[in-house]
Amino acid sequence: MAEGTLKAEDIIREIKKAGIHFIVALPDRVTSHHLLKTIMRDPDFKVVQVCKEDEGISICSGLFAAGHRSLMMMQYTGLLDSVNSLRGVAMEGENPVCMLVGLLGKEPGVAPSQSKKYGVKIIEPVLDAMGIAHHWVEESGDTQKIVPAIEKAYADTRPMAVLVGREPR
Amino acid sequence: MMKRDECLKVFKRHRKDEIVVAVYMAAQEITHIMPSNLNYTFTGAMGQGSSHALGLALGRPDKRVVVFDGDGSLLMNLGTLVTIANAAPKNYLHCLCENGTYETNGAVPIPRAGEIRFVDMAKAAGYRKTYEIASLEDWDRQLPTLLKEDGPIFVDLKMEPGELYPEDFRRLYSIEYRDKFRRALQNS
């Protein structure tokens, strides 16, 4: 696959289009520098920093109950650390927790399930086993997946994950 | 030491239209002692009550949010104290039902039961005010202030189990009741 680009401004535009103003975040090496830090400076967003990712699953659920959309930003390692909250809060609790997940260490152009990096390789099978929809975003055109994925999550009141395969610039 | 159900009955006398989040035994008890469509018991995973409450507080800054957390639950999610203090919701009242046990899971003692200074942890994390309350009289007297003061506030309630109430986990995590909550909050 040819070297591609993924623009942070495109991702931010799509997040705003989806009606999201609350961002719940724990820094992820893939998305921190160009995406999270930009979001933190943007007055259109309220950023809630968490100490551990599973808190964020519940904060997003509380925000949903209060009538707000939100997006949880984290690294894939944090997603794996949050499996019980994803089980009990997001899936069994039928909460539309939308996650933007950085795939640290994934080889460019390689599908997550084909990665040589163990943690990246198992992400999609874990999400599949849990019944959580996921969308791979790595090239600039992939950002068009974001709004429909968020809309479906809220329509179905089910979680979903956008898996970010390269650092947005 | 206070009996938890007696504590909740005192709270009920003071309650107006606050959102009340509760976990495990406290959650079972509020469904009997103070049923309300603004009760939120749908926490789904142990330790997460205070985090759901934070989402509610941030989403509805015009509503007081009171969470009845457990000591075993809080120990599973200690970072929540810093998260909450950092977000600094003025409408947040964090009540810890400290009974020294994992009451839902066979009443096994928590580690360092009776030795932990939860108020010190909350104060060090950055909560605006912290209190320890061990008598129903003090709880009754201080509640009007606790329900109005700018938060986040942390209250360590020294507790022992009271009466046994029927358990219904299906009810606690019911999507139907969660959706009733959402509608009630929207109209509130």
Side-chain angles (χ1 to χ4, degrees), chain A residues 19-27 40 45-74 78-99 130 132 154-159, chain B residues 19 21 23 37-63 65 67 73-74 76-89 91-92 125 169-170 172-188:
Chain A
I20 286 178
H21 300 288
F22 282 98
I23 303 291
V24 183
L26 197 147
M40 289 174 87
F45 291 114
K46 162 85 176 162
V47 176
V48 184
Q49 289 189 261
V50 293
C51 297
K52 202 157 161 289
E53 295 89 344
D54 58 352
E55 299 177 63
I57 307 295
S58 296
I59 293 169
C60 289
S61 301
L63 283 164
F64 170 64
H68 294 275
R69 292 188 170 191
S70 59
L71 181 72
M72 173 77 210
M73 292 179 62
M74 58 184 163
L79 186 150
L80 291 173
D81 199 38
S82 306
V83 165
N84 189 51
S85 285
L86 285 171
R87 185 264 325 155
V89 178
M91 285 303 289
E92 290 175 352
E94 296 185 20
N95 282 295
V97 178
C98 296
M99 298 170 277
M130 299 187 78
I132 295 176
Y154 279 93
D156 298 343
T157 62
R158 292 294 188 284
Chain B
I19 296 168
V21 179
V23 304
N37 283 337
L38 289 184
N39 289 348
Y40 186 100
T41 59
F42 328 105
T43 53
M46 192 168 172
Q48 298 294 308
S50 59
S51 302
H52 284 264
L54 179 59
L56 289 164
L58 293 173
R60 285 298 299 266
D62 60 312
K63 298 285 288 182
V65 177
V67 54
S73 288
L74 179 58
M76 293 190 76
N77 187 17
L78 278 178
T80 193
L81 296 176
V82 173
T83 298
I84 290 162
N86 189 56
N91 55 333
Y92 197 100
F169 282 99
R170 190 198 54 83
L172 287 198
Y173 302 138
S174 156
I175 305 300
E176 180 196 345
Y177 279 93
R178 191 279 308 276
D179 290 342
K180 275 190 192 170
F181 172 92
R182 290 187 68 222
R183 287 192 296 273
L185 186 56
Q186 192 174 23
N187 294 329
S188 169

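Reminder, nothing fancy here: chain letters follow the sequence lines and each chain counts from 1.
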What part of B/Q48 is in contact with chain A, defined as an atom under 4.5 angstrom from a non-hydrogen atom: side chain, backbone, both or neither?
->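 Backbone plus side chain of B/Q48, per the 4.5 Å heavy-atom cut-off to chain A.
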Residue part contacting chain A, namely of B/T43, when any heavy atom lies under 4.5 Å = backbone
Option that, when pairs with chain A are counted at under 4.5 Å, heavy atom only, ranks first among B/N77, B/D179, B/L78, B/V21 =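 The option with the most such pairs is B/N77.
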In terms of heavy-atom pairs under 4.5 Å with chain A, the winner among B/I175, B/V82, B/L185, B/L54 is B/I175
Measure across [X] and [Y] and return the closest heavy-atom pair with its distance rounded to 0.1 Å.
| X | Y | answer |
| --- | --- | --- |
| B/G79 | A/C51 | O-SG, 3.4 Å |
| B/R60 | A/A66 | CG-CB, 4.0 Å |
| A/A65 | B/Y40 | CB-CE1, 3.7 Å |
| B/A45 | A/N84 | CB-ND2, 3.8 Å |

Among A/S58, A/G88, A/G56, A/C60, the residue with the most heavy-atom pairs under 4.5 Å to chain B is A/S58
Partners of B/S50 by side chain to side chain donor-acceptor pair (under 3.5 Å), sequence neighbours excluded?
->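 B/S50 satisfies side chain to side chain donor-acceptor pair (under 3.5 Å) with B/T80 once adjacent residues are dropped.
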A/V89 versus B/H52: any side-chain heavy-atom pair under 4.5 Å?
-> yes
Below 4.5 Å, heavy atoms only, C-beta onward: do B/T83 and A/I59 meet side chain to side chain?
-> yes
Quick one: pull up CG in A/D54 and CE in B/M76 and give me the separation to the nearest 0.5 Å.
-> 8.5 Å
Does the pair B/F42 and A/E94 meet the rule for a side-chain contact (heavy atoms from CB on, under 4.5 Å), with working shown?
-> CA-CA 10 Å; B/F42 328 105; A/E94 296 185 20; over 6 Å; no
